[in-house]
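This report refers to the structure that appears directly beneath it.
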Amino acid sequence: MGTKLIIDTDPGVDDAFALALATRSEDVDLLGVTTVFGNVPLSHTTANARRLLQLFGREDVPVAAGAERPLVYDNAKPAGFVHGQDGLSGHAGTLPEAKRALDERGAVRLLVDLLEAADEPVTIAPIGPLTNIALLLAAHPQIREKIGRIVIMGGGVTKGNSTTAAEFNIWSDPEAARRVLVDGDIPTVLVPLDITHQCSVDTTWLGKLAASGPLGAALEALTPTYVEHYTPILGFPGMVMHDAVAVAEAIRPGILDTESYPVDVECGFGPARGATLVDRRRLRSTDPQTVPGRTIDVALTTDVDAFRGFVLDRIVGGL
Ligand code: BDR
Ligand code: CA
């Protein structure tokens with residue numbers, strides 16, 4: 001029954017929109033959700049993911065907690081100033097308590113069990129730091145055969161956000177990101193800041209969401225701190241729903257236009273740590289100047305108005 005999907009997440013306001021999109025899409029078989037440190041500490045991202053699934057009426061979806069810090073260098077910093085200290089603009093406590101218990105297997109074991117049990121290829125959508133996915137691939141390399149596609153929100157071709165050069169999810173754990181993006185051999189789509197910013201939504205769009213009913217209103221109520229952060233960046237009152245852009249591509253392959261480029265991740269300790277190097281020079285693979293990364297699909301454009309309509313229709317219940 002539709003795309004088999006696992007989301008690895010650090011909610012996060014835009015993660016909440018991504019979870020809404022997946023859980024409200026009848027053509028998606030959401031097998032599980034795993035959580036990771038990131039926007040806020042793991043205890044918050046896990047509690048938020050569980051409460052959000054309860055809000056969306058999805059007690060059937062298991063949630064397991066994963067990494068509480070990066071793989072190698074413990075120098076990530078949370079983004080409470082973007083998402084609020086609780087990750088959801090101070091409104092996490094207004095969401096319903098989760099009735100389903102936290103899955104005690106932990107993120108990596110849950111991922112392995114769900115993938116092994118799957119009878120068709122599974123799409124994984126990592127929308128936080130890539131620590132859990134790097135651990136999965138390092139500890140269980142044979143599980144690659146069960147993964148059809150990885151669609152990652154992360155990186156930037158022409159800009160960063162955590163630093164001038166680096167995007168938050170990659171910058172939070174560059175070594176993990178390198179392991180997944182560059183060392184892997186699973187078909188991978190990178191959904192960078194360049195496309196997520198094009199798909200930003202304004203407060204008129206958010207108003208339509210809020211007016212759609214109790215669920216839309218509850219989701220919109222999570223956005224004030226996030227909108228306050230993004231308004232001066234965008235130049236109008238609104239927000240960038242980064243993670244929902246990646247999940248849209250995961251559940252509707254091709255909704256974003258992609259191009260294949262060699263990609264590498266900067267793991268040094270200079271000012272570009274965590275940058276994604278996307279080599280758009282169109283060199284021949286034999287040319288000595290080619291970046292040493294792996295060639296993957298990078299999403300760069302879409303029909304923006306159709307995209308915004310797609311997300312709204314899905315979340316408010318249309319198909
Ligand atoms: C990414 O960083 C986080 O703050 C968001 O949830 C998104 O996954 C955007 O850079
Ligand atoms: Ca996120």
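All values below were derived from every heavy atom in this structure, side-chain atoms included, with hydrogens, water molecules and symmetry-related copies excluded. Atoms within a ligand are numbered from 1 in the order they appear, just like the ligands themselves.
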task: Considering only NZ, NE, NH1 and NH2 on the basic side and carboxylate oxygens on the acidic side, decide whether R178 and D183 come within less than 4.0 Å.
output: yes

message: With a cutoff of 4.0 Å, is D15 in contact with ligand 1, counting heavy atoms of the residue only?
response: yes

- prompt: Can you check whether M153 has an N/O within less than 3.5 Å of an N/O in ligand 1?
  reply: no

message: Do R252 and S25 pair up side chain to side chain, a donor and an acceptor below 3.5 Å, judged on atom types alone?
response: no

- prompt: Which bit of N161 gets closer than 4.0 Å to ligand 1, counting heavy atoms only: side chain, backbone, both or neither?
  reply: side chain

field: N, O or S atom of D10 closer to the Ca ion (ligand 2) than 3.0 Å
entry: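 It does; at least one qualifying atom falls short of 3.0 Å.
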
message: I'd like to know if the Ca ion (ligand 2) has an N/O/S atom from G38 within less than 3.0 Å of it, counting both backbone and side-chain atoms.
response: no

Protein contact of [atom] - nearest heavy atom, named by residue and atom, plus distance:
atom                   : value
atom 2 (O) of ligand 1 : F168 CD2, 3.3 Å
atom 8 (O) of ligand 1 : D243 OD1, 2.6 Å
atom 4 (O) of ligand 1 : N39 OD1, 2.5 Å
atom 9 (C) of ligand 1 : E167 OE2, 3.1 Å
atom 6 (O) of ligand 1 : D14 OD1, 2.6 Å

statement: The N/O/S atom of D243 lying closest to the Ca ion (ligand 2) is OD2

Within this structure, what is the [atom1]-[atom2] distance for the pair [X] and [Y], rounded to the nearest 0.5 Å?
X    : Y    : atom1 : atom2 : answer
L312 : W205 : CG    : CH2   : 5.0 Å
M239 : H229 : CE    : NE2   : 12.0 Å
I7   : T23  : CD1   : OG1   : 8.0 Å
Y261 : L283 : OH    : CG    : 12.0 Å

- request: Measure up the F307 and F310 rings against each other and bin them: parallel (under 30°), tilted (30 to 60°), perpendicular (over 60°).
  value: tilted

- prompt: Should D194 and V298 count as side-chain neighbours, where that means a heavy-atom distance under 4.5 Å?
  reply: no

